[in-house]
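Since we're looking at a predicted model, the values are computed, not measured.
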Amino acid sequence: MTKTTGMGFSRRQILKVSSAAALVTAARMAFPSGAFAATAGPEVTGVKLGFIALTDAAPLIIAKEKGLFEKHGLPDVEVLKQASWGATRDNLVLGGEANGIDGAHILTPMPYLMETGKVTQNSVPVPMSIIARLNLDSQGISVAKEYAETGVQLDASKLKDAFAAKKAAGNEIKVAMTFPGGTHDLWIRYWLAAGGIDPDKDVSTIVVPPPQMVANMKVGNMDAFCVGEPWNEQLVNQGIGFTACTTGELWKGHPEKALGLRTDWIEKNPNAAKALMMAVMEAQIWADSMDNKEEMSAILGKRQWFNVPPKDVAGRLKGTINYGNDRIVENSGLEMKFWKDHASYPFKSHDTWFLTENIRWGKFAPDTDIKALVDKVNREDIWRAAAADLGIAAADIPASSSRGPETFFDGKVFDPENPKAYLDSLSIKAGA
């Protein structure tokens, strides 16, 4: 019988990946110059990558800690902490050659917002590419302790009366996310709107960097927030608030962060981009094994990475969710996924949903050519080339770039072939 790991991979498959990568590395060492290097070797030895202190940055951090970048011919990769998503954007605009960064662990919609100049200074477009998804699931929507008696969980409508009363008393309702038009902005808007709360009219949305969420809720600066881990778990561990729901309950298996690179860097360094992708893939496979969760929590908790107690990382990484409102669910199936369920693959249909939601909330015009934009930014071809070189099993390579239709917790259905029908089905949206 074939023994399998916690993420459903056989050890034989992992050995196949490792041995294939080792073969490529050995060949490069044997032929440091000449024909082989010209066709397969990385053009550079490093790349500057940004990350935010969020658990879904793990593939980049693990690839660095475990020497996987070096293994694939990129010994000088830098994984650089960013203060906020705004800082990530600004450093990507600069680029690595101008003391910025060349790529990043990034909110999936951000490369699209940058490509079109929606979030850049003077609206100057910065060509960006997505070469991989870094994870699925495991963000959280958390609420201040003062709302515990509402019993709010997946149904946000339980907050309507409490929010209305607070507003009537002359107080502002503040709901925090991490970047306008980013994933956390879209998750909390979806949740509120599904509960009949208009995120543009009934509350004020504010931007707070992920590592500052807990401190801001502690001093009463917000009523609710959406952010990735480990910050929801830390909030619960410190007794400051509770998690109403995880984003996987809104849409199980949803896409989250991406690996984004400046397009000009890829064009100059196509082989290095593929080598980078191979290292990240190996890190994702490692990170998905339940056998490695404790070690990964300890690594991520280090001062240079997140600077948090490993316990703030470990629970939800394993799928154990302490909501903080007398609910603890073990083996939830809502743990962060890095590889299984095709978590690493940059499905174009997923990007299509993010763009559609940003049309919903006015970030993109209704007549945006979604397909053309996705085809321009999404570089699934690099992922497939890296998978081929790494020897990834055919079963772990999706047959299609589409994964739709998708069904959400409130019954809404998104068909990537017909985004307009989805938009028409939504009652709360910008300008409605």
Side-chain angles (χ1 to χ4, degrees), residues 5-7 9 14 17-18 21 46-72 74 77-82 88 101-108 110-111 129-139 183 210 228-230 254-261 272-302 304-306 313-314 316-318 335-347 350 379-380 382-383 386-387 389-390 392 396:
T5 64
M7 71 283 202
F9 270 72
I14 291 178
V17 169
S18 300
V47 56
K48 294 180 180 178
L49 301 174
F51 82 98
I52 296 282
L54 289 162
T55 305
D56 40 41
L60 303 188
I61 294 167
I62 294 302
K64 181 68 176 176
E65 287 265 350
K66 295 291 182 180
L68 297 174
F69 292 129
E70 184 174 6
K71 175 180 178 180
H72 291 286
L74 298 169
V77 170
E78 297 179 67
V79 181
L80 305 166
K81 186 180 288 187
Q82 308 295 296
T88 300
I101 55 179
D102 304 297
H105 149 253
I106 198 165
L107 300 165
T108 291
M110 280 183 68
S129 297
I130 287 173
I131 68 170
R133 200 79 61 212
L134 291 179
N135 72 296
L136 305 178
D137 288 340
S138 200
Q139 316 299 291
T183 57
E229 298 304 335
H254 72 74
E256 239 303 317
K257 303 301 186 300
L259 176 55
L261 291 167
K274 185 168 65 170
L276 173 65
M277 187 65 260
M278 292 167 71
V280 171
M281 282 177 167
E282 284 205 74
Q284 289 180 288
I285 292 169
W286 185 92
D288 228 22
S289 171
M290 281 293 175
D291 294 341
N292 297 327
K293 300 301 186 186
E294 289 293 339
E295 181 183 353
M296 181 159 60
S297 299
I299 289 171
L300 298 179
K302 288 181 181 179
Q304 71 266 36
W305 301 122
F306 297 179
V313 183
R316 299 189 188 198
L317 195 57
K318 296 177 180 178
E335 71 276 4
M336 190 170 290
K337 299 158 188 73
F338 299 99
W339 184 259
K340 70 179 178 182
D341 299 334
H342 300 306
S344 174
Y345 193 81
F347 287 98
H350 285 168
R379 294 296 307 274
E380 62 177 354
I382 295 175
W383 192 99
D389 277 13
L390 203 54
I392 297 296
D396 298 315

TODO: Not counting sequence neighbours, which residues clear side chain to side chain donor-acceptor pair (under 3.5 Å) with Glu65? List them please.
DONE: Lys302, Trp305
Task: Gap separating the CZ atom of Phe338 from the CD atom of Gln284, nearest 0.5 angstrom - done: 8.5 Å
- [ ] Answer yes or no: is there a side-chain heavy-atom contact under 4.5 Å between Thr88 and Phe51?
- [x] no
- [ ] Determine whether Ile392 and Ile285 make a side-chain contact, defined as any pair of heavy atoms from C-beta on separated by less than 4.5 Å.
- [x] yes
TODO: Apply ring-ring contact (aromatic ring centres under 6.0 Å, His included) to His254 and list each qualifying residue two or more places apart in sequence or on a separate chain.
DONE: Trp187
Task: Heavy-atom closest pair, residues Thr108 and Lys257 - done: OG1-C, 3.7 Å
TODO: Indicate yes or no for a side-chain donor-acceptor contact from Asp288 to the backbone of Trp339 under 3.5 Å, with no hydrogens or angles considered.
DONE: yes
Task: NZ/NE/NH1/NH2 to OD/OE distance under 4.0 Å, Lys71 and Glu282 - done: yes
Task: Flag side-chain contact, heavy atom, 4.5 Å: Leu390 against Met277 - done: no
Task: Pairwise side-chain contact, Leu49 with His105, heavy-atom cut-off 4.5 Å (strictly under) - done: no
Open item on the list: Please enumerate all residues that pass side chain to side chain donor-acceptor pair (under 3.5 Å) together with Lys318, with sequence neighbours excluded.
Closed with: Glu294
Task: Gap between atom CG of Leu80 and atom CD1 of Ile101 - 0.5 Å precision - done: 7.5 Å
Task: Flag side-chain contact, heavy atom, 4.5 Å: Leu259 against Trp383 - done: no
Open item on the list: Main chain of Val47, side chain of Asp102: is a donor-acceptor contact present, judged purely on distance under 3.5 Å?
Closed with: no
TODO: Please report the shortest heavy-atom distance between Pro210 and Leu54, naming the atom on each side.
DONE: CB-CD2, 3.8 Å
TODO: Measure the shortest side-chain to side-chain distance between Leu68 and Trp286 over non-hydrogen atoms and say whether it is less than 4.5 angstrom.
DONE: no
Task: Residues which pass ring-ring contact (aromatic ring centres under 6.0 Å, His included) with His350, listed by chain and number, not counting sequence neighbours - done: Trp251, Phe347
- [ ] Heavy atoms only: give me the nearest Lys337-Asp341 pair and the separation to one decimal.
- [x] CD-OD2, 3.7 Å
TODO: Please report the shortest heavy-atom distance between Tyr345 and Arg133, naming the atom on each side.
DONE: O-CB, 3.8 Å
Task: Within-4.5 Å side-chain heavy-atom neighbours: Glu229 and Leu317 - done: no
Task: Heavy-atom pair with the smallest gap, counting every atom of Leu134 and Ala258 - done: CD1-O, 3.5 Å
Open item on the list: Please enumerate all residues that pass side chain to side chain donor-acceptor pair (under 3.5 Å) together with Glu335, with sequence neighbours excluded.
Closed with: Lys340
Task: Taking every non-hydrogen atom, the tightest pair across His72 and Ala275 - done: O-CB, 3.4 Å
TODO: Under the side-chain contact (heavy atoms from CB on, under 4.5 Å) rule, what do Asn292 and Ile62 come out as? Steps first, then yes or no, please.
DONE: CA-CA 11 Å; Asn292 297 327; Ile62 294 302; over 6 Å; no
- [ ] Flag the pair Pro111 / Ile106 as yes when at least one side-chain heavy-atom distance between them is below 4.5 Å, and no otherwise.
- [x] yes
Task: Gap between atom OG of Ser297 and atom CZ of Arg316 - 0.5 Å precision - done: 13.5 Å
Task: Partners passing side chain to side chain donor-acceptor pair (under 3.5 Å) against Thr183 (at least two apart in sequence or in another chain) - done: Glu256
